[in-house]
A.B. asks: 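Dropping a structure here in structure tokens format, bear with me for questions.
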Amino acid sequence: MAERVEQEEIFSQVLRAGRRTYFFDVRATKADDYYLTVTESKKFTHDDGTFHYQKHKIYLYKEDFTDFHEMLKKATDYIINEKGDEVISERHQKDFKKEEPKNTAEETASTESFTDISFDDI
């Protein structure tokens with residue numbers, strides 16, 4: 001049995017995003033209809049400096065385009081509405097240090113124990 005060879009790309013777009021790269025490739029079926037493959041490629045570096053890529057791929061066919069687009073839009077709109085469009089990627093960096101809030105409960109408790117004295121009272 002012959003091994004299936006990936007179809008040649010008809011149209012391709014690349015999105016580089018840090019360690020990840022996304023490939024959007026239009027390919028043709030044997031019947032010469034088009035479908036989309038979306039591939040996420042993520043680079044991993046080993047301690048010795050060598051690296052490898054881990055890839056994940058989805059295949060999306062025309063009959064699913066409308067529903068897929070609708071669900072993707074709903075999900076991305078939900079995220080933007082709930083969390084805004086600011087990216088908080090620093091939290092995932094190895095050297096990230098969480099800043100403590102300036103007005104902690106301990107500071108509030110210690111300042112509340114002070115008595116307000118006027119110089120006229122002295």
A.B. asks: For the backbone of Thr29 and the side chain of Asp33, can you confirm whether one donor and one acceptor N or O come within less than 3.5 Å of each other?
C.D. replies: no
A.B. asks: If you measure from CD1 on Ile80 to CG on Asp85, what distance do you get to the nearest 0.5 Å?
C.D. replies: 5.0 Å
A.B. asks: Quick one: pull up CD in Glu63 and OH in Tyr35 and give me the separation to the nearest 0.5 Å.
C.D. replies: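 One finds 12.5 Å between CD of Glu63 and OH of Tyr35.
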A.B. asks: Please determine whether residues Phe24 and Phe65 belong to a single hydrophobic cluster, defined as Ile, Leu, Val, Met, Phe, Trp and Tyr linked transitively by side-chain heavy-atom distances below 4.5 Å.
C.D. replies: yes
A.B. asks: Counting only heavy atoms from other residues, nucleotides and ligands, does the tally under 6.0 Å from CZ of Phe44 exceed 12?
C.D. replies: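 Counting other residues, nucleotides and ligands, CZ of Phe44 exceeds 12 neighbours.
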A.B. asks: What distance separates Lys73 NZ from Phe68 CZ, expressed to the nearest 0.5 Å?
C.D. replies: 14.5 Å
A.B. asks: Determine the minimum heavy-atom distance between Thr45 and Phe51, stating which atoms define it.
C.D. replies: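 Smallest interatomic distance, heavy atoms only, reads CA-CB, 4.0 Å.
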A.B. asks: Enter the distance from Phe23:CZ to Arg16:CZ here, rounded to the nearest 0.5 Å.
C.D. replies: 6.0 Å
A.B. asks: Distance from Thr66 atom OG1 to His69 atom NE2, nearest 0.5 Å?
C.D. replies: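 So the gap between those two atoms works out to 9.0 Å.
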A.B. asks: Apply the side chain to side chain donor-acceptor pair (under 3.5 Å) test between Glu40 and each candidate in Lys57, Gln54, Arg20; give the one that qualifies.
C.D. replies: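 It is Arg20, the one option of Lys57, Gln54, Arg20 that forms the side chain to side chain donor-acceptor pair (under 3.5 Å) with Glu40.
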A.B. asks: Flag yes if more than 12 heavy atoms outside Asp47 fall under 6.0 Å of its CG atom; otherwise flag no.
C.D. replies: no
A.B. asks: Counting C-beta onward and ignoring hydrogens, is there a side-chain heavy-atom pair between Gln13 and Tyr22 closer than 4.5 Å?
C.D. replies: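 No, their side chains stay 4.5 Å or more apart.
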A.B. asks: Do Met71 and Ile58 sit in one hydrophobic cluster, given that two such residues count as connected whenever their side-chain heavy atoms are within less than 4.5 Å of each other, even indirectly?
C.D. replies: no
A.B. asks: Give me the atom names and distance for the closest heavy-atom approach of Lys43 to Tyr53.
C.D. replies: CB-CE2, 3.6 Å
A.B. asks: Give a yes or no on whether Val14 and Leu36 share a hydrophobic cluster (residues Ile, Leu, Val, Met, Phe, Trp, Tyr; joining criterion: side-chain heavy atoms under 4.5 Å apart).
C.D. replies: no
A.B. asks: Would Ile79 and Leu72 show up in the same hydrophobic cluster when neighbours are defined by side-chain heavy atoms closer than 4.5 Å?
C.D. replies: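 No, no single cluster joins them.
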A.B. asks: Enter the distance from Tyr61:OH to Thr37:OG1 here, rounded to the nearest 0.5 Å.
C.D. replies: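 The OG1 atom of Thr37 is 9.0 Å from OH of Tyr61, to the nearest 0.5 Å.
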A.B. asks: Name all residues meeting the ring-ring contact (aromatic ring centres under 6.0 Å, His included) criterion together with His46; count only those two or more places apart in sequence or in a different chain, and write none if there are none.
C.D. replies: His52
